[in-house]
Undergrad: 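Let me give you the structure first, and then I'll get to my questions.
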Amino acid sequence: MDAIHIIKKKRDGGELSRSEIQYLIEGYTVQRIPDYQMSAFLMAAQLRGMNLNETISLTRYMLNSGSILRFPGAPGPIVDKHSTGGVGDKVSLILAPLVASCGVCVPMVSGRSLGHTGGTLDKLESIPGVRTNLNIADVTRQICDFGVAMIGASKEIAPADQQIYSLRDVTANVDFIPFITASILSKKLAEGLDGLVLDVKSGCGAFMKTRENARQLAEALVEVGEHFDMPTIAWLTDMNAPLGRAIGNWLEVEEAIECLRGEGPNDIMDLSLKLSGEMIALGGLADSPEEGQEMAQNAINSGRGLDRLAKIVETQGGNPAMIHDPSLRMRSIEPYTVTVPLDVSGYVTEIDALAIGEITNSMGGGRIVIEDKIDDEAGIVLHLRPGERAIPGLPLVSLFTRKTDQIEVFENRVINAYKFSSKKSKKPQILLERLTVEGWESNS
């Protein structure tokens, strides 16, 4: 067996065996197979396709390239959530402590921002002192002590995925469903989960632009997750407009704190509570997702969810007082207010999530390449969202950036990301469809 024959077989449309995929993944992980051969395989697979059996094998050997977390003595079931990425998506910062305060253990392995989408790790690290590079012993201790840890991927967890993703990112092989499926699930299976809830996004601000492609990804993730005896549920959600009002790392932390106080925007509150209810029910601590959602709401009302976020911050090196009083983190950027244009009258009908994400990056709030340094305070606060009245001269958005010499450019780009109409439109439905092993259910 050698890489050349495996690449040729896939190039010619053949189905790879488990042992051939194992040879490729193990060989690449130990650097026996060079980047140029793995790149050739990735492109051949994307062009010729991979079936379910190949996707399962790819997931298996990426998973087996590292350690699998175990939590003996954990105080509850082990369940996690994964989002396929969007603009303004701070749900993990709300959901992880909220669900943990209800008795579910959440060993959340998250990612960083890249392109127009934000990253949970960057948001968490905008709290001074917080560390996300914990080792397995630290994560295990934290889960057993109070049920939640929020960390980044490490060389111990699915290292093959890290190596292959870096190559995919620079060889135009990111948007291929079998690769996305194996990448997500190899890391989640490495957490030793009892269940997984997925938020698969579709729309202009998502990686899956069409609803049909998002459905295909959700189906692959649920089918492969269930194959590995990990109960898996997926929600298809809308990502045409940003989630919530805050886009940018510290701004999103502030909004997550508002949500844990029960004071956040309706779309973020609804999504966070729905996914929390699914996790609690999947862990067996509620008889239904609806009952789980009630438990999550009670944890907000009692303050237990907010207290658990403060505990995460304290244990991972930050100041927990900032969670209870965000003003303790002194802001060094003054906001610039963009007002509704004078020739506009009526209602907001659309906000281009992709454009807003790209503007945030341009202002310093995200990465174009992985080496870029993020300005934690940069970002946008949306004063108006779809369905809300736009009155000329009143605030439209606030811009937070140190690039004040480009403020007029940012202002024009933001205004162009909005669409207005004289007629009031319905607020967009965020939760679209739910997928289990039994099939799809509409949320209409």
Side-chain angles (χ1 to χ4, degrees), residues 21-22 24-31 38 55-74 77-85 92-93 95-96 99-100 104-114 119-125 130-145 147-169 174 178-198 221 224-225 227-232 279 312 315-317 370:
I21 292 175
Q22 180 181 11
L24 276 177
I25 300 304
E26 291 182 354
Y28 186 61
T29 304
V30 300
Q31 300 181 327
M38 180 56 75
T55 304
I56 289 169
S57 294
L58 186 62
T59 304
R60 183 186 310 280
Y61 294 112
M62 286 168 62
L63 164 67
N64 290 342
S65 68
S67 302
I68 297 176
L69 301 178
R70 302 294 182 201
F71 304 102
I78 313 294
V79 183
D80 198 5
K81 161 259 179 191
H82 178 82
S83 166
T84 57
S92 291
L93 297 175
L95 171 148
V99 170
V104 175
C105 294
V106 188
M108 185 170 281
V109 178
S110 299
R112 297 194 178 279
S113 67
L114 189 62
T120 297
L121 298 182
D122 300 306
K123 295 166 192 176
L124 198 60
E125 289 174 358
V130 168
R131 298 179 300 106
T132 59
N133 59 336
L134 308 184
N135 59 38
I136 288 179
D138 290 335
V139 174
T140 303
R141 188 180 309 110
Q142 207 161 303
I143 292 296
C144 293
D145 284 350
V148 58
M150 301 183 74
I151 63 170
S154 71
K155 293 181 179 179
E156 298 170 289
I157 300 172
D161 174 62
Q162 292 184 66
Q163 293 173 246
I164 292 171
Y165 186 87
S166 296
L167 204 56
R168 287 170 55 208
D169 189 42
V174 172
F179 292 166
I180 298 171
T181 300
S183 176
I184 292 170
L185 293 182
S186 61
K187 294 191 290 286
K188 293 303 176 183
L189 288 162
E191 296 175 9
L193 300 180
D194 298 315
L196 176 64
V197 174
L198 296 158
L221 287 163
V224 175
H227 175 86
F228 284 92
D229 297 321
M230 179 177 65
T232 306
M279 290 177 69
I312 296 169
T315 306
Q316 296 186 203
I370 199 69

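No hydrogens, no waters, no symmetry mates; every other heavy atom, side chains included, goes into these values.
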Undergrad: Can you tell me how far apart CG (L63) and NZ (K187) are? Round to the nearest 0.5 Å.
TA: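 Here the rounded value is 11.5 Å.
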
Undergrad: Does any N or O in the side chain of K188 come within less than 3.5 Å of the main-chain N or O of V109, such that one atom is a donor and the other an acceptor?
TA: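 Side chain of K188 to backbone of V109: a pair is present.
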
Undergrad: Calculate, to the nearest 0.5 Å, the distance between atoms CG and OG1 belonging to D145 and T315 respectively.
TA: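 That separation rounds to 8.0 Å.
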
Undergrad: Please report the shortest heavy-atom distance between A190 and S67, naming the atom on each side.
TA: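 Heavy-atom minimum between the residues: CB-O, 3.8 Å.
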
Undergrad: Run through L193, I143, I136 and flag the one making a side chain to side chain contact (heavy atoms under 4.5 Å, CB included) with L69.
TA: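 By the side chain to side chain contact (heavy atoms under 4.5 Å, CB included) criterion, L69 pairs with just one of L193, I143, I136: I136.
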
Undergrad: Is there side-chain contact between L95 and M108, with heavy atoms separated by less than 4.5 Å?
TA: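 In contact.
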
Undergrad: Rounded to the nearest 0.5 Å, how far does OG of S83 lie from CD1 of I184?
TA: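 It comes to 9.0 Å.
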
Undergrad: Between V99 and V79, is the side chain to side chain contact (heavy atoms under 4.5 Å, CB included) condition met? List the steps.
TA: CA-CA 9 Å; V99 170; V79 183; over 6 Å; no

Undergrad: List the steps and the verdict of side chain to side chain contact (heavy atoms under 4.5 Å, CB included) for V174 and F179.
TA: CA-CA 7 Å; V174 172; F179 292 166; over 6 Å; no

Undergrad: Please step through side chain to side chain contact (heavy atoms under 4.5 Å, CB included) for the pair F228 and L185, ending with a clear verdict.
TA: CA-CA 10 Å; F228 284 92; L185 293 182; 5.9 Å; no

Undergrad: Are any non-hydrogen side-chain atoms of R168 and I180 less than 4.5 angstrom apart?
TA: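 Yes. Closest side-chain heavy atoms under 4.5 Å.
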
Undergrad: To the nearest 0.5 Å, tell me how far S65 OG sits from K155 NZ.
TA: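 Between atom OG of S65 and atom NZ of K155 there are 13.0 Å.
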
Undergrad: Look up atom NZ in K123 and atom CG in L93, then write down how far apart they are to the nearest 0.5 Å.
TA: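 Between atom NZ of K123 and atom CG of L93 there are 6.5 Å.
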
Undergrad: Could you check if a side-chain atom of L221 sits within less than 4.5 angstrom of a side-chain atom of H82, using non-hydrogen atoms only?
TA: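 No, side chains not in contact.
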
Undergrad: With no hydrogens and no angle check, is any side-chain donor or acceptor of E125 less than 3.5 Å from a backbone partner on V130?
TA: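 Between the backbone of V130 and the side chain of E125 there is no qualifying donor-acceptor contact (under 3.5 Å).
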
Undergrad: Identify the two heavy atoms, one from A149 and one from Q316, that lie closest to each other, and give their separation to 0.1 Å.
TA: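 That closest heavy-atom pairing would be CA-OE1, 3.8 Å.
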
Undergrad: Considering non-hydrogen atoms only, spot the tightest contact between T232 and G225 and give its length.
TA: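 For T232 versus G225, the nearest heavy atoms are OG1-CA, 3.6 Å.
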
Undergrad: Quick one: does any side-chain atom of E156 pair with a main-chain N or O of N135 as donor and acceptor, under 3.5 Å?
TA: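 Not at all, since once roles are kept as given, no pair shorter than 3.5 Å links the two residues.
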
Undergrad: Does the side chain of M150 come within less than 4.5 Å of T132's, by heavy atoms?
TA: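 The answer is no; the side chains never approach within 4.5 Å.
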
Undergrad: Just so I know, are the side chains of T181 and L58 near enough to count as touching, which here means a heavy-atom distance under 4.5 Å?
TA: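 Result no, sub-4.5 Å side-chain heavy-atom pair not found.
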
Undergrad: The criterion is side-chain contact (heavy atoms from CB on, under 4.5 Å); which residues satisfy it with Q162, sequence neighbours excluded?
TA: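 For Q162, the residues satisfying side-chain contact (heavy atoms from CB on, under 4.5 Å) (neighbours in sequence not counted) are A153.
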
Undergrad: Could you tell me whether a side-chain N or O of S186 sits under 3.5 Å from a main-chain N or O of S183, the two making a donor and an acceptor?
TA: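 Judged by distance alone, yes, a pair lies under 3.5 Å.
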
Undergrad: Quick one: list whatever passes salt bridge (charged side-chain N to carboxylate O under 4.0 Å, His left out) with K81, sequence neighbours left out.
TA: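 For K81, no residue satisfies salt bridge (charged side-chain N to carboxylate O under 4.0 Å, His left out) once neighbours in sequence are set aside.
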
Undergrad: Kindly indicate, with the supporting measurements, whether the criterion side chain to side chain contact (heavy atoms under 4.5 Å, CB included) is fulfilled by H227 and R60.
TA: CA-CA 11 Å; H227 175 86; R60 183 186 310 280; 3.6 Å; yes

Undergrad: Hey, are the side chains of F71 and P107 touching, using non-hydrogen atoms and a 4.5 Å cut-off?
TA: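 Yes, close enough: below the 4.5 Å cut-off.
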
Undergrad: So, taking the atom named OG in S166 and the one named CG in D161, what distance separates them when rounded to the nearest 0.5 Å?
TA: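 Here the interatomic distance stands at 9.0 Å.
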
